[in-house]
Amino acid sequence: YPVWAKLHPEAFRLATRLALTELMLSGVTCTSDHHYVFPAGLEDAMDIQAEEARALGMRMTLNRGSMNLSQKDGGLPPDSVVQDHDTILKDCERAIKAHHETGDESLIEVALAPCSPFSVTRELMRDTATLAKQCGCRLHTHLAETHDEDRFCVEAFGQRPLDYLEDCGWLHDKTWLAHGIHFDDSEIARLGGLATFDALGGVVPSRFTLAGGRLEIRIDDSDAVYPLHVDPLLSSPSWVVESNQASASFGISVSTAGD
């Protein structure tokens with residue numbers, strides 16, 4: 001955070017341009033960035049990223065991040081990189097009006113993205129969800145990243161991170177999350193919407209689980225009639241490609257083996 005507090009518009013613009021250019025050189029034409037550090041002088045960060053993406057012709061989701069729970073209030077970030085509740089919401093609304101596009105031909109979209117439970121208040125989480133619903137925007141945040149976060153949520157809110165998220169009005173299909181390392185099996189099932197049916201249309205017990213760092217689907221097929229239909233289908237890519245390979249097909253092919 002002390003390093004990020006020194007970030008200024010010129011450096012931020014060049015960093016954005018470099019990152020987007022390197023992505024395009026690898027065949028990427030659609031990306032997303034979660035910027036949540038707003039030191040004094042960098043209030044126009046969303047405008048800078050939108051300008052750079054449009055100049056390169058890159059489709060991009062701008063995640064207007066936020067932090068308003070600083071160290072003095074029991075949060076993680078220092079005062080130098082946070083903003084107050086009203087300033088954040090006002091700029092979120094401004095960024096949406098200035099840059100959020102809809103439809104199949106849209107180039108830039110805006111999502112609202114409080115950083116994490118460590119760094120925003122419950123009030124900001126709820127009000128951000130309300131604003132996103134009013135404006136038709138998506139929501140994004142970091143969740144279940146560390147055991148420290150689990151403990152923080154239980155101590156501060158009396159809830160595990162996913163329950164806290166639901167209580168704030170976030171648990172719906174316009175929300176996507178980063179990390180999710182420490183969800184338990186029941187929480188993974190709540191997020192995944194996993195459904196398994198057998199040949200007769202009967203529901204087959206199934207669940208997502210983490211095993212050895214891998215996300216797996218476990219199915220109890222003891223009373224099932226094959227074949228089974230699993231939605232969503234989970235498969236691991238059987239190949240690795242790099243941008244300098246002639247057969248990489250970046251920008252052309254998006255499918256993976258087995259799905």
Side-chain angles (χ1 to χ4, degrees), residues 9 12-13 15-38 42-68 83 85-116 120 123-143 162 165-180 190-193 231-232 250-256 259:
F12 184 68
R13 182 179 295 278
T16 299
R17 186 180 304 169
L18 176 61
L20 295 181
T21 300
E22 289 188 338
L23 284 169
M24 294 191 79
L25 287 171
S26 296
V28 176
T29 59
C30 182
T31 189
S32 173
D33 186 52
H34 184 190
H35 182 76
Y36 49 83
V37 179
F38 289 84
L42 197 59
E43 292 82 3
D44 296 335
M46 295 297 96
D47 305 291
I48 291 172
Q49 289 200 313
E51 290 167 7
E52 292 299 319
R54 287 193 174 101
L56 290 169
M58 172 76 85
R59 297 180 69 185
M60 187 173 183
T61 297
L62 306 175
N63 292 279
R64 204 302 182 180
S66 56
M67 298 191 293
N68 73 327
Q83 297 174 304
H85 173 278
D86 292 343
T87 297
I88 289 167
L89 290 180
K90 183 178 179 180
D91 191 63
C92 285
E93 191 167 5
R94 182 199 64 80
I96 292 169
K97 290 179 179 178
H99 303 299
H100 185 63
E101 303 172 3
T102 59
D104 294 339
E105 302 300 321
S106 63
L107 191 68
I108 303 294
E109 294 185 0
V110 175
L112 304 185
C115 180
S116 71
V120 298
E123 181 184 15
L124 181 60
M125 287 290 288
R126 287 176 171 171
D127 289 349
T128 299
T130 299
L131 178 59
K133 184 177 181 180
Q134 292 172 348
C135 298
C137 293
R138 296 183 183 275
L139 291 166
H140 174 60
T141 192
H142 298 180
L143 204 72
L162 189 62
L165 194 76
E166 184 173 22
D167 186 59
C168 291
W170 277 58
L171 205 56
H172 51 72
D173 61 3
K174 292 184 76 68
T175 297
W176 85 98
L177 306 173
H179 304 297
R190 286 166 64 189
L191 288 166
D231 184 17
F250 282 121
I252 300 173
S253 175
V254 295
S255 63
T256 63
D259 194 357

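Along the sequence shown, the residues carry numbers beginning at 1.
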Under 3.5 Å: donor-acceptor pair, side chain of Ser116, backbone of His142: no
- prompt: Are any of the side-chain heavy atoms of Thr128 and Leu131 separated by less than 4.5 Å?
  reply: no
task: Starting at CG of Leu62, measure out to CD of Glu109 and round the result to the nearest 0.5 Å.
output: 9.5 Å
- prompt: With distance as the sole test, does His35 use its side chain to make a donor-acceptor pair with the main-chain N or O of Val37 at under 3.5 Å?
  reply: yes
query: Less than 4.5 Å apart, any side-chain heavy atom of Leu165 and any of Met125?
result: yes
- prompt: Between Leu139 and Lys133, is any pair of side-chain heavy atoms under 4.5 Å apart?
  reply: no
field: Side-chain (Glu101) to main-chain (Leu107) donor-acceptor, under 3.5 angstrom
entry: yes
task: Could you tell me whether the side chain of Asn63 reaches within less than 4.5 Å of the side chain of Trp176, counting heavy atoms only?
output: yes
message: When you compare the side chain of Met60 with that of Leu20, does any pair of heavy atoms fall below 4.5 Å?
response: yes
statement: The reported gap from CG in Asn68 to OG1 in Thr87 (rounded to nearest 0.5 angstrom) is 10.0 Å
- prompt: If every non-hydrogen atom of Ala45 is compared with every non-hydrogen atom of Phe38, which pair is closest and at what distance?
  reply: CB-CE2, 3.8 Å
statement: So CE of Met67 and SG of Cys115: to nearest 0.5 Å the spacing works out to 5.5 Å
- prompt: How would you list, by chain and number, every residue that makes a side-chain hydrogen bond (donor to acceptor under 3.5 Å, both in side chains) with Arg138, sequence neighbours excluded?
  reply: none
- line: For Cys92 and Arg64, the nearest pair of non-hydrogen atoms, with its separation, is SG-CD, 3.9 Å
field: Inter-residue atom distance Met24.CE - Leu56.CG, 0.5 Å rounding
entry: 6.0 Å
task: Find out whether Ile96 and Leu112 are in side-chain contact, i.e. whether some heavy atom of one side chain is under 4.5 Å from a heavy atom of the other.
output: yes
message: Any non-hydrogen side-chain atom of Asp33 less than 4.5 Å from a side-chain atom of Gln49?
response: yes
- request: Can you sort out the partners of His100 under ring-ring contact (aromatic ring centres under 6.0 Å, His included), two or more places apart, ordered by chain and number?
  value: none
field: Separation between CG of Leu162 and CD of Glu166, rounded to the nearest 0.5 Å
entry: 7.0 Å
query: So, do Thr141 and Leu177 sit near enough that their side-chain heavy atoms are less than 4.5 Å apart?
result: yes
message: So which atom in Cys168 and which in Ala129 form the shortest heavy-atom distance, rounded to 0.1 Å?
response: O-CB, 3.8 Å
field: salt bridge (Lys or Arg N to Asp or Glu O under 4.0 Å) against Arg94, all qualifying residues, sequence neighbours excluded
entry: Asp47, Asp91
field: Worked verdict on His99 versus Arg54 for side chain to side chain contact (heavy atoms under 4.5 Å, CB included)
entry: CA-CA 10 Å; His99 303 299; Arg54 287 193 174 101; 3.4 Å; yes
field: Within 6.0 Å of NZ in Lys174, more than 12 heavy atoms from elsewhere
entry: yes
- prompt: Minimum heavy-atom separation for Ala50 to Ile108, with atom names?
  reply: O-CD1, 4.5 Å
message: Exactly one of Glu51, Glu52, Glu22 should register a salt bridge (charged side-chain N to carboxylate O under 4.0 Å, His left out) with Arg17. Which one does?
response: Glu52
